[in-house]
2 protein chains.
Amino acid sequence: MSNRQPTLDEVAERAGVSRGTVSRVINDRHHVSAKARLAVQSAIAELGYVPSMAARSLASQRRGAVVLAISSDDPALFANLFFAEVIAGVNAVIEETDLQLLLVLAASERGRSRLARILQSRGADGVMLLALRENDPLAKVAEAGGVPVVHGGRPLDGTPRWYVDADNRGGARQAVEHLVATGRSRIATVTGPQDLNAGVSRYLGYREAMALAGLSDHRVAHADFTEAGGAAATSRLLDEHPDLDAVFVASDAMAAGALGVLRERGRTVPGDVAVVGFNDVRAAQHTRPALTTVRQPIIALGREMTRMLVRLIDGEEPTPLILPTELVVREST
Amino acid sequence: MSNRQPTLDEVAERAGVSRGTVSRVINDRHHVSAKARLAVQSAIAELGYVPSMAARSLASQRRGAVVLAISSDDPALFANLFFAEVIAGVNAVIEETDLQLLLVLAASERGRSRLARILQSRGADGVMLLALRENDPLAKVAEAGGVPVVHGGRPLDGTPRWYVDADNRGGARQAVEHLVATGRSRIATVTGPQDLNAGVSRYLGYREAMALAGLSDHRVAHADFTEAGGAAATSRLLDEHPDLDAVFVASDAMAAGALGVLRERGRTVPGDVAVVGFNDVRAAQHTRPALTTVRQPIIALGREMTRMLVRLIDGEEPTPLILPTELVVREST
DNA sequence: GTTCAGACTGTAACCGCTCACAGAAAAGCC
DNA sequence: GGCTTTTCTGTGAGCGGTTACAGTCTGAAC
């Protein structure tokens, strides 16, 4: 059944031309007469010819594939809507090209060496990198591969040449400004991990907005982007600053935890305390009260990373991109 | 910087042997003297040699890659923890091999033809298929590729030769038996879509358990696995069968909807009505009351699919696999 | 001391495509 | 019509491996 696929030579013979001409038609090159092109095209159609990736990439020295490397291989961490949405965005662009998408989950040493092998075996024409912590060795591995690397989100240490990031700082500022505008002044924040750019930038945005509004920004608790962490941080916040009337929580998961603690502690939301989250994950609509939050264009992040990488592969020189965020006001403010 | 990678010939020369011998060492074949093997190995280490995927797959006619095809390219649908967890499981096994993982999101015609191209260009040694609805054309495309195909979950029409599935029927039966054991007898069910195997099997399990317990299984409402659908179905159920004292809901998302409706209608859970869900998504712990549910081993699903595919590629003949589910009792029963 | 099986090694023919180069055909010019 | 350009086409040498085959070398058996 699995009859040998036809080869370029068979197409050439059938079309009555030479191998070179068929190759030119396939790769849409100039210097092919209309007649020859037509003959080749119909031969291809009749034979159901599809060029062999392997032969093509051996001869041309490019691979026709890119890798999406995610710095996480703990299933619990990877199993995260964020990644799923990024992948959806990446896929949307990949589909328009004839590139293939290689997925590498690479937080461990093992995963990293897999990526290194792929790159060294000329296995990909480019890399997209996601979710890097401070000093993540994955970045070095990727950069050493000799192919373009696009970062999703800036790593904390140093700014890579090419990246796409959400406007974390601006979004945080927006959120806090909204709180100020609705009459809050003793505004606290629960931050994300401070070894992650998103954590730092959102905290920075909070401080900027507070400074601009002439408010004190000392009501701070650091957490880790998880629901439990958010709950604990909120608890500390209430202990230390019982007067707070609003809290900007740097992720929706943490905000869910915060809402729970506020309820337990007898504070009404948004009556006593207004709450703003960050990310706009689907669950944000289902908290009670529904969460006001900053929407991050995650799918667009994936899409734009991929566009940027494709441009790099084509030899262009794109510039880094910061995607705008958007405040979504619901019931919690 | 991107200095040409060393080739096999350079390794051969440095080791003072022929190309063939180097190849044998790399592929761990017999008939290589210890001396030659050692010389080659150190030459490889010194040169940092990594074989070229492209050349190797051209010559050997295998690709060193498998594709995971997901029948969904609507970002909203794909952005689903289910898929993320499957991918995590797949990755865990892939990491142990030297296979690469190609991801194809293929619900549309375009996605499907991409998969077809990959297979026809001998771009993969095997395919894993996920989330097929009745008559999903993706299945045909995959089967036509001439490489082994492993299904994740049985499609509704026909049983594929190789698949891994969760024990949907058994899990449903377990759930209902639990309700019976805790003293319920007027047990209703909200089903999933009946063009999806999971929907049908869970309904079947419900009916089996009811029959075994000698109870009537006529309290049924069909829905679509979404929260809104589950809410609407529960509403209908309460209208038509106000006497029900328990409901087995075929997914957690639908169960969340059901809990909302029950609360609105003034029924206490589990006092008046016990509720069991299915899947054990993370959110199930956060509903109020926390949801009793059937845990599906999603990561294991990905893992076992991949193991099965690897065996097939190695020429073995694995048998289909049904993974056990597990009842997780929380507050709603 | 032959003979011979068996372990090792080298050789060379592919695998299916790309691409630089050279030759042929067509077009443009005087 | 001859000559130069320009456009098209064929040719052949790789790309970097795998693998069948043939040859070499060993030690054991006779």
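Every chain is numbered from 1, with letters handed out A, B, ... down the list of sequences.
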Please report the distance, rounded to the nearest Å, between [atom1] in [X] and [atom2] in [N].
| X | N | atom1 | atom2 | answer |
| --- | --- | --- | --- | --- |
| A/Arg37 | D/dT7 | CZ | P | 14 Å |
| B/Met53 | D/dT18 | CE | C1' | 14 Å |
| A/His30 | C/dA26 | NE2 | P | 22 Å |
| B/Arg63 | D/dG17 | CZ | C1' | 15 Å |
| A/Leu58 | D/dA13 | CG | C1' | 13 Å |
| B/Lys35 | D/dC25 | NZ | P | 13 Å |

Inset, instruction - State, yes or no, whether a side-chain contact exists between B/Tyr49 and B/Leu8 at a heavy-atom distance under 4.5 Å. - result: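 B/Tyr49 vs B/Leu8: side chains touch.
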Inset, instruction - At under 4.0 Å between heavy atoms, which parts of nucleotides 17-24 of chain C does protein reach? Answer with one letter per nucleotide, 5' to 3': B base, S sugar-phosphate only, - none. - result: BBSB----
Legend entry - Which residues share a side chain to side chain donor-acceptor pair (under 3.5 Å) with B/Arg63, sequence neighbours left out: A/Gln100
Legend entry - Nearest to side-chain heavy atoms of B/His31, which nucleotide of D/dG10, D/dC15, C/dA7: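 Closest nucleotide among those given: C/dA7.
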Legend entry - OP1 or OP2 of C/dG16 under 4.0 Å from side-chain N/O of B/Gln61: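 B/Gln61 to C/dG16 OP1/OP2: side-chain N or O found under 4.0 Å.
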Inset, instruction - Without swapping roles, check the side chain of A/Ser23 against the backbone of A/Arg19 for a donor-acceptor pair under 3.5 Å. - result: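 No, the answer is negative, given that no donor and acceptor are paired below the 3.5 Å cut-off.
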Inset, instruction - Spell out, as yes or no, whether a donor-acceptor pair under 3.5 Å connects the side chain of A/Glu10 to the backbone of A/Thr7. - result: yes
Legend entry - Dot-bracket notation for DNA chain D, counting Watson-Crick and G-U pairs under 3.5 Å, with | for partners on another strand: ||||||||||||||||||||||||||||||
Inset, instruction - Inspect the contact between A/Glu304 and A/Arg307 and indicate whether a charged nitrogen and a carboxylate oxygen are less than 4.0 angstrom apart. - result: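 Counted as a salt bridge, because a side-chain N and a carboxylate O are separated by less than 4.0 Å.
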Legend entry - Full working for salt bridge (charged side-chain N to carboxylate O under 4.0 Å, His left out) between B/Glu109 and B/Arg112: CA-CA 5 Å; B/Glu109 189 47 48; B/Arg112 253 174 263 131; 2.7 Å; yes
Legend entry - Partner of B/Leu323 under side chain to side chain contact (heavy atoms under 4.5 Å, CB included), chosen from B/Ile298, B/Asp165, B/Asp167, B/Val164: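 Filter result, single survivor: B/Val164.
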Inset, instruction - May I ask you to say what A/Ala54 touches in the nucleic acid, namely base, sugar-phosphate or nothing, with a heavy-atom cut-off under 4.0 Å? - result: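 Counting heavy atoms under 4.0 Å across all strands, no contact is made by A/Ala54.
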